[in-house]
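Here the structure is laid out as structure tokens; the discussion comes afterwards.
This structure is a prediction, so every number in the text was calculated from the model and none was measured. In each ligand, atom 1 is the first atom listed, and ligand 1 is the first ligand listed.
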Amino acid sequence: MPSNEEEMVVTPWTVSGKIDYSRLIEEFGTQPLTDDILKRIEKHAGQLHLQLRRGLFFSHRDLDWILDLYEADRRFVLYTGRGPSGPVHIGHLVPWIFTKHLQDIFGSKLYFQMTDDEKFLIHPEFNLETPTRFAYDNALDVIAAGFDPAKTKIIMDVESAGTLYKIAVKIAKRITFSTVKASFGFTDSSNIGIIFFPAIQAVPCFLETELTGENVPCLIPAAIDQDPYWRVARDVAPKLGYFKPAQIHCKFLPGLGKGGKMSASLPETCIFTTDTPEDAEKKIKNAFTGGKPTVEEQRRLGADPTICPIYYYEYYLFEEDDKKLKETFDKCKSGCLLCGEHKAKLAEKVQRFLKDHQKKREKAKNVLDEFLYKSN
Ligand code: TRP
């Protein structure tokens, strides 16, 4: 029997239960990423990015239109963001790595929004300083992802309120309470800050247009839980003379526990970018796997990589080579590869990744100011 625990909930603030991505495409009214679109991207990229090849990005709105424009020599901007409610873990990096790839192939400018205001409004226990502090800390991880400093601006919502507000009021005037109630599930007891907030998250979709006076389309790579924001933004765009923002949606990176996405509120199931090599190794060693309770059984019956976070990490992030990945899958299934061995292999890769990321993160401190959007 499906228990409440298993029921799928996907909102910008809660993701739980077993996620059925085809159902989300239907319920949210988005489009699946077709082979045709993938081929078009491949033509520009030279080779399909791992996250496209393996279906991590799986759905979109108007991406075909963005490609049409690009192929007709029109530029577009990229927009993504982060709700800074804690330290960054490797699940957060997934869409950023992909966004950097899009910046590389299309040469696009990127607006990266840090919603310290949103996190203040939805976490009853936060004072305003807490998410703002995380925003500056998390920005180091964004920079470490390798974005082009000449083409990337990080917007700190509270700090840049002046610029954002002037555009947000125009947007807010076109959104009714009943629309946001239906899209976000707000109730009479929701605070009025969060009711207004969807207008703030819509602003970067139109910022380039507002700043330059040229109507510039925007493409948003983001996890699918952010979709309600884009539905509202798309609704108001034509009323204000803007293009509707396009999206490309990704799945959630699972945590190291049994089921569920990687979540900072369960620290033992996620690898933070600032974890020491020992911490990371320990978490991986303690992870849930698709293995059998005893070595004998596993040798005899094999393991199940399709439910195994250790395998997912290779799949989504750490094993570029499709052939090697397939070998790992086969070895898991046949009982050749034991979970302890697989964990040790993954831990090594994760440690290498963290070491490199942490070096870049340190260097980012010197260029942070250059990346910050400055209001005029
Ligand atoms: N609301 C997002 C979060 O809580 C942060 C965010 C703002 C965002 N703008 C975005 C995420 C654009 C993706 C794309 O994480």
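- For atom 11 (C) of ligand 1, the nearest non-hydrogen atom of the protein is G81 O, 3.3 Å.
- Where the criterion is an N or O separation shorter than 3.5 Å, residue side chain and backbone included, E118 meets it with respect to ligand 1.
- By the criterion of a heavy-atom distance under 4.0 Å, neither the backbone nor the side chain of W13 is placed next to ligand 1.
- Two rings, from H49 and F57, have their centers 6.0 Å or more apart.
- Residue contacts with ligand 1 leave out F197, since none of its heavy atoms falls under 4.0 Å from the ligand.
- Nearest heavy-atom pair, L63 versus A246, reported as atom, atom and distance to 0.1 Å: N-CB, 4.5 Å.
- Of the protein's non-hydrogen atoms, Y79 OH, 2.8 Å is the one closest to atom 9 (N) of ligand 1.
- In this structure, K251 is positioned above the aromatic face of Y21, its NZ or CZ under 6.0 Å from the six-membered ring centre and within 45° of the axis.
- The single protein non-hydrogen atom nearest to atom 2 (C) of ligand 1 is Q226 OE1, 3.2 Å, given as residue, atom name and distance.
- A side-chain N or O of Q226 and one of Q201 form a donor-acceptor pair less than 3.5 Å apart.
- When non-hydrogen atoms are compared, ligand 1 lies under 4.0 Å from the side chain of T115 (C-beta onward) but not from its backbone.
- A donor-acceptor contact shorter than 3.5 Å is absent between the side chain of D275 and the backbone of A280.
- The distance criterion of under 3.5 Å between nitrogen or oxygen atoms is met by Q113 with respect to ligand 1.
- Residues P204 and I155 have side chains in contact (heavy-atom distance under 4.5 Å, counting atoms from C-beta outward).
- Taking the ring centroids of Y229 and F184, they lie under the 6.0 Å cut-off.
- Residues I284 and Y313 fail the side-chain proximity criterion, which asks for heavy atoms closer than 4.5 Å.
- Proximity of K119 to ligand 1, defined as any heavy-atom pair under 4.0 Å, is confined to the side chain (atoms from C-beta onward).
- Those atoms of ligand 1 with a heavy atom of T80 less than 4.0 angstrom away are 10 (C), 12 (C), 13 (C), 14 (C).
- Heavy-atom proximity to A222, at under 4.0 Å, picks out these atoms of ligand 1: 13 (C), 14 (C).
- For atom 15 (O) of ligand 1, the closest heavy atom belonging to the protein is G83 N, 3.1 Å.
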